[in-house]
Amino acid sequence: MINKPLVTRYEGNPILTKHDIPYAVETVHNAAATKFNDQYILLFRSHLRNGRSIIGIARSDDGYTFRADPEPFMEPSSEIGFAAHEEYGIEDPRICSIGDEYYITYSVYSRFGVRIGLAVTRDFESVERLSIVSQADMRNVVIFPQTFDGLYARLDRPHSEINPWCIWLSWSPDLIHWGNSVPVIQPLTYHWDEMKIGPGATPVKTASGWLNIFHGAFPTMDGAVYRLGVALHDLADPTKVLGVADDWILAPEDPWELTGYVHNVVFTCGAIAEDDGSLKIYWGGADTVMCVGTANIDDLVQLCLTSNRPPLS
Ligand code: BMA
């Protein structure tokens with residue numbers, strides 16, 4: 001076991017709070033992350049005072065100091081085909097860059113349950129909604145940034161009363177229609193993630209496989225504790241899981257992770273690999289603020305490859 005923190009927290013955390021946003025919001029959390037034209041972009045979720053969420057945008061030159069745009073990036077849609085599904089708000093975006101396009105998957109909430117919306121931008125100025133790409137109830141969809149034998153792949157997390165809340169993998173010829181879904185990683189009884197797991201950051205390609213930074217929840221008498229874990233998927237066939245670390249890599253520790261809108265939560269929707277072999281992981285603290293930390297990609301890969309935890313048991 002590696003006897004040092006796997007994720008080094010940035011000393012300037014939290015990097016974004018509601019006080020940094022030029023319009024009225026109560027939280028800034030669970031942000032998607034990408035690089036665009038040498039800038040770092042965060043698409044963050046914010047609660048409004050009616051309790052529903054919108055998506056804002058912030059930009060940075062160094063990945064640590066962010067400035068929010070004057071207006072939100074996405075608000076619940078009034079377009080036919082989307083409005084009915086977004087009436088309760090839009091949450092937890094993820095960004096996947098393929099060619100010149102940046103695809104955004106986000107949770108849409110309505111009286112019909114939670115589903116996944118797909119939108120696209122080329123410039124992070126305007127955004128076009130493409131489709132609702134799941135049935136209810138589905139959350140946490142991350143698309144792999146390449147195709148596999150002509151098919152797109154995504155990690156997703158359907159949930160129902162009768163199945164364990166696992167990470168699944170689905171395939172699509174066109175990003176709109178998805179199927180051939182298989183469970184790939186499941187929670188383990190009385191481990192840190194026994195209650196549920198879900199995809200977090202868009203998978204990061206490494207020489208040894210796709211790194212999947214996911215979240216796991218453990219139920220306590222004081223509510224669920226959300227932590228981050230890591231798994232490695234085969235480069236050519238991401239349904240094959242090469243290893244799942246049984247240790248979490250990040251747990252709530254800082255005051256703004258321990259208390260806030262929902263206490264004891266670290267939750268990621270994005271990570272950015274750097275040329276020096278480090279990974280910037282962005283996470284929401286207590287569903288209230290945004291934080292960042294760095295990890296060494298090789299350390300995370302080794303943690304997965306030296307684990308004997310079965311992905312499915
Ligand atoms: C999950 C989602 C996340 C949230 C987390 C902790 O179920 O709602 O958006 O960060 O719970 O509250």
Side-chain angles (χ1 to χ4, degrees), residues 13-18 25-33 42-48 50-56 74 76 85-86 88-95 104-110 113-117 134 136-142 155-161 163-168 187 192-202 213-229 248-271 281-293:
N13 280 345
I15 54 168
L16 270 182
T17 76
K18 66 177 183 176
V25 295
E26 291 304 304
T27 64
V28 181
H29 64 298
N30 297 4
L42 292 183
L43 294 185
F44 56 85
R45 169 181 170 195
S46 283
H47 283 99
L48 303 177
N50 63 7
R52 297 182 180 177
S53 295
I54 60 169
I55 295 171
M74 293 176 76
H85 302 292
E86 300 189 7
Y88 294 168
I90 51 178
E91 305 189 355
D92 297 4
R94 273 81 172 186
I95 301 171
I104 300 161
T105 45
Y106 60 102
S107 304
V108 299
Y109 274 80
S110 77
V114 52
R115 302 177 65 188
I116 297 297
S134 81
D137 283 296
M138 178 78 80
R139 287 181 47 86
N140 304 311
V141 168
V142 297
L155 299 174
D156 52 35
R157 213 285 307 285
H159 53 274
S160 79
E161 294 302 316
N163 67 9
W165 294 17
C166 303
I167 296 176
W168 292 59
W192 61 274
D193 56 348
E194 79 157 358
M195 185 178 163
K196 57 178 173 174
I197 55 174
T202 297
I213 314 280
F214 63 92
H215 67 262
F218 187 85
T220 77
M221 294 301 285
D222 188 29
V225 179
Y226 276 75
R227 303 183 178 97
L228 301 185
W248 68 69
I249 62 165
L250 190 78
E253 270 176 25
D254 273 338
W256 44 85
E257 299 162 349
L258 297 171
T259 63
Y261 186 79
V262 180
H263 62 291
N264 285 330
V265 175
V266 292
F267 192 97
T268 188
C269 293
I281 303 176
Y282 293 88
W283 65 88
D287 286 2
T288 305
V289 297
M290 274 311 298
C291 305
V292 63

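Values in this document were obtained by computation on a predicted structure and should not be read as measured data. Counting convention: from 1, in listed order, for ligands and their atoms alike.
Remark: the backbone N or O of Pro93 is not paired with any side-chain donor or acceptor of Arg45 at under 3.5 angstrom. Not a single donor-acceptor pair under 3.5 Å links the side chain of Thr17 to the backbone N or O of Val289. Side chain of Arg115 to backbone of Ser134: a donor-acceptor contact under 3.5 angstrom is found. Although no hydrogens or angles enter the test, the distance criterion places no donor-acceptor pair under 3.5 Å between the side chain of Ser107 and the main chain of Arg139.
Between Asp137 and Val114, the closest heavy-atom pair is OD1-N, 3.0 Å.
Considering both main-chain and side-chain atoms, Glu91 never comes within under 3.5 Å of ligand 1 through any nitrogen or oxygen pair. Checking only distances, Asp287 does come within under 3.5 Å of ligand 1, N or O to N or O. Not one N or O of Tyr109 is nearer than 3.5 Å to an N or O of ligand 1, by distance alone.
In this structure, Arg45 is part of the shell of residues with a heavy atom less than 4.0 angstrom from ligand 1. A heavy-atom separation below 4.0 Å is not found between His215 and ligand 1.
Taking the six-membered ring where tryptophan is involved, the planes of Trp192 and Trp248 are perpendicular, since the angle between them exceeds 60° and thus also 30°. Between His29 and His47, the ring planes lie parallel to each other; the angle is under 30°, not in the 30° to 60° tilted range.
Near Val262, the atoms of ligand 1 lying under 4.0 angstrom from a non-hydrogen atom of the residue are 12 (O). Residue Lys196 approaches ligand 1 through these ligand atoms, each under 4.0 Å from one of its heavy atoms: 7 (O). Close approach of ligand 1 to Asn30 is summarised as follows: ligand atoms under 4.0 Å from at least one heavy atom of the residue are 3 (C), 4 (C), 9 (O), 10 (O). Here is the list of ligand 1 atoms found below 4.0 Å of a heavy atom in Asp92: 3 (C), 9 (O).
Side-chain contact, His263 with Asp222: a donor N or O sits under 3.5 Å from an acceptor N or O.
The protein heavy-atom contact nearest to atom 11 (O) of ligand 1 is Tyr226 OH, 3.1 Å.
Contact annotation: for Arg139 versus ligand 1, heavy atoms closer than 4.0 Å belong to the side chain alone.
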